[in-house]
Amino acid sequence: MSEIPTRFGPYGGRYVPETVIGALDELEGAFSEHAEDATFQAELEGLLGSYVGRPTPLYRAKRLGERYGIEKLYFKREDLCHTGAHKINNALGQVLLARRMNKGRIIAETGAGQHGVATATAAALLDMQCCVYMGRTDMQRQRLNVVRMRMLGAEVRPVDSGTATLKDATSEAIRDWVTNVRDTHYVIGSAVGPAPYPEIVARFQAVIGVEAREQILAEEGCLPGAVVACVGGGSNAIGIFRGFMDDAEVELVGVEAAGHGLETGEHGAPLAEGSPGVLHGSLSYLLQTPEGQVSEPHSISAGLDYPGVGPEHSHLKDSGRVRYTNATDKEALDAFKACSEAEGIIPALETSHALAAIGRESSRLVGPVMVCLSGRGDKDVDQAGAAMGLDV
Amino acid sequence: MSDGAARLQRVFAEAGRPLFVPYVMGGFPDLAGSHAQAVALAKHADVLELGIPFSDPLADGPTIQAAGQRALDSGTRPEDVIEIAASLRAGPPVVLMTYVNTILAAGERAFFEHAARAGVAGVIIPDLPVDEAGPVREAATRAGIAIVLLAAPTTDEARMAAIGRAAEGFLYCVSVTGVTGGDVTVGDELRDFIDRARRHVQVPLVVGFGVRTPDHAAQIGEIADGVVIASQLIRLYDEAASPEDGEKALDAYAASIVEALDRVPA
Ligand SMILES: Cc1ncc(COP(=O)(O)O)c(C=O)c1O
């Protein structure tokens with residue numbers, strides 16, 4: 001059985017009510033058992049191939065590369081996954097696991113709605129009941145995904161507490177789980193939460209990095225100079241980084257949301273501006289007041305509008321293996337536009353943060369540069385269109 | 001044993017009936033209001049539970065969440081709540097209820113030393129299960145404060161044994177699989193859970209979450225050593241026409257709970 005770490009350096013742990021500790025133990029046991037079980041693997045790999053559309057392509061983005069002054073810019077096309085983002089890699093793995101654990105009900109939190117859609121999709125496929133918690137603010141700015149979830153047969157429960165965004169939806173999902181833990185599996189949507197969640201999510205997402213490494217070697221005959229990904233909770237980033245963690249010559253760059261600018265205090269950049277604290281079950285960098293109250297984050301992208309970050313990223317920041325930078329709302333919108341026009345690919349606003357950082361840092365990044373194109377931007381057309389002054 | 005644990009256990013030993021442990025959210029609706037509630041309840045309480053508001057209370061249902069949010073909106077800081085505890089030191093022992101990040105942000109040592117100076121006997125931390133309690137516990141013990149652990153209906157035998165080894169003061173038995181503010185059912189599931197706790201835990205057992213009525217208190221009093229009542233007190237106070245009426249309502253309600261507990265056969 002494979003070892004599942006509880007901590008990454010000092011970060012992580014299980015800071016949750018006693019009620020769910022048994023369920024975390026059960027999940028850990030089920031994951032260690034099934035992760036190495038050939039029938040489980042075959043089922044997951046079969047669905048990743050025929051249903052999700054893996055392996056996703058590695059695409060050389062020549063025109064955006066030219067614009068940014070980068071000779072070799074590659075997109076790892078997670079936007080081409082079924083449902084439009086990397087989130088399905090984890091959702092499908094966890095829902096399969098939930099079925100093995102005989103849990104008939106699935107719950108999830110969602111910010112951008114991508115994880116909610118992915119979970120609702122997996123639940124439909126595997127015939128399970130599904131309930132998704134979503135902040136009311138996010139329901140408005142990601143309306144398309146709310147409709148999709150409902151069409152897929154999921155119940156979407158609005159959350160009004162706090163800023164009615166991802167943090168509040170996550171708290172509410174955890175409360176549901178505490179109440180219904182005996183028959184419910186909580187499909188957490190990023191590499192956050194109490195152990196063993198951060199590791200389980202990272203392992204289901206590691207397929208991104210494993211494929212990307214093989215693909216770039218086949219294409220270029222060498223490893224990338226830099227691998228860049230946006231960081232909300234950090235699941236697409238940890239997924240692609242895991243493919244290159246031991247390649248010391250590959251620079252790994254995580255991009256947080258700088259919102260209105262770090263100096264305004266309105267952002268979603270805990271690694272840049274936060275300090276270690278406990279939110280949603282683990283110890284990690286956190287935006288908080290001196291008294292330890294969790295601060296309200298801001299980002300134009302619902303998926304990065306979160307005051308915390310997965311514990312492994314906190315450890316990777318401290319160890320220096322990953323360099324974390326950030327991009328503002330405005331920079332992300334500019335990159336959104338540039339990528340759409342130059343490549344005919346409309347990226348998610350989350351992903352646009354990674355592209356923005358690449359554009360800004362093009363002169364210091366060593367090529368080939370690879371970015372995790374974590375999702376497509378259909379869900380963002382209302383919001384981005386309005387910001388770009390388009391008539392939508 | 002810490003001094004706080006000894007003080008708590010003495011109350012149980014001397015009461016001669018199950019204990020009444022009412023909860024007050026510090027700073028709800030403001031500091032003066034919560035202080036007045038605490039004074040009204042302290043007259044009837046055997047132990048008083050004083051909550052420090054936290055922005056993301058995972059173990060709490062809508063009533064305590066909303067009370068905590070109003071406390072934060074009125075500017076309540078953890079040290080303000082500890083000052084309320086200090087002002088009540090002549091009364092029953094005070095146990096703070098706080099989420100772990102509040103303690104980490106203050107620094108474990110500073111937090112517990114401050115609480116100890118205010119006469120606090122114990123601290124309940126609903127998001128700190130026994131396996132994670134190590135460093136926090138050490139700091140608490142050094143300051144003479146008991147960490148009051150929680151157990152839940154989902155706690156199995158092995159974990160209950162581990163909790164039993166670490167428990168001090170009393171054990172907080174969460175009556176339902178769920179968050180605060182629901183409705184307790186005193187039935188076989190709760191009885192089995194309390195039996196399981198008895199087999200592994202030496203300290204007194206106090207049941208909380210969803211306890212609303214004198215009947216609940218009496219039924220729980222037959223199987224456990226005390227009851228915590230929280231959301232119901234907040235509702236009563238909040239629904240009253242004025243703060244004075246609210247204090248009177250708490251006074252009358254607390255008296256009815258104590259009366260119910262007095263009738264529990266020894
Ligand atoms: C397309 C896309 N990318 C990135 C994210 C951020 O999440 P994570 O950091 O877990 O990859 C989201 C979250 O909703 C998303 O939808």
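If you tally non-hydrogen atom pairs under 4.5 Å between each of Leu279(A), Val294(A), Thr6(A), Thr289(A) and chain B, the highest count goes to Val294(A). Counting heavy-atom pairs closer than 4.5 Å to chain A, the top residue among Asp56(B), Thr102(B), Ile163(B) is Asp56(B). Of the listed residues Arg77(B), Gln69(B), Arg159(B), Glu79(B), the one with more heavy-atom pairs under 4.5 angstrom with chain A than any other is Arg159(B).
Using a 4.5 Å cut-off between heavy atoms, Ile52(B) makes no contact with chain A at all. At a 4.5 Å heavy-atom cutoff, the contact between Leu104(B) and chain A is made by side-chain atoms alone. Only the backbone of Pro290(A) comes within contact range of chain B, judged by heavy atoms closer than 4.5 Å. Of the two parts of Gln65(B), only the side chain, counted from C-beta on, holds a non-hydrogen atom closer than 4.5 Å to a non-hydrogen atom of chain A. At a 4.5 Å heavy-atom cutoff, the contact between Pro53(B) and chain A is made by backbone atoms alone. Heavy atoms closer than 4.5 Å to chain A are found nowhere in Leu149(B), neither backbone nor side chain.
Contacts between residues 170-192 of chain B and chain A, counted as heavy-atom pairs separated by less than 4.5 Å, involve Thr177(B), Gly178(B), Val179(B), Glu189(B). Of all residues spanning residues 166-179 of chain A, those with a heavy atom less than 4.5 Å away from chain B's heavy atoms are Lys167(A), Ser171(A), Glu172(A), Ile174(A), Arg175(A), Val178(A), Thr179(A), arranged by number.
Minimum heavy-atom separation, Ala59(B) to Pro17(A): CB-CG, 4.1 Å. Across every non-hydrogen atom of Leu150(B) and Glu18(A), the tightest pair is O-CG, 3.8 Å. Here the shortest heavy-atom pairing between Phe54(B) and Val278(A) reads CZ-O, 4.4 Å. Taking each heavy atom of Ile21(A) and Pro129(B) in turn, the nearest pair found is CD1-CG, 3.6 Å.
Tyr15(A) OH to Asn101(B) CG: the interatomic distance, rounded to the nearest 0.5 Å, is 10.0 Å.
With a 4.5 Å cut-off on side-chain heavy atoms, Asp25(A) and Asp156(B) do not count as touching.
By the neighbour-count criterion of 12 heavy atoms within 6.0 Å, atom CZ of Arg109(B) is sparsely surrounded, having that number or fewer from other residues, nucleotides or ligands.
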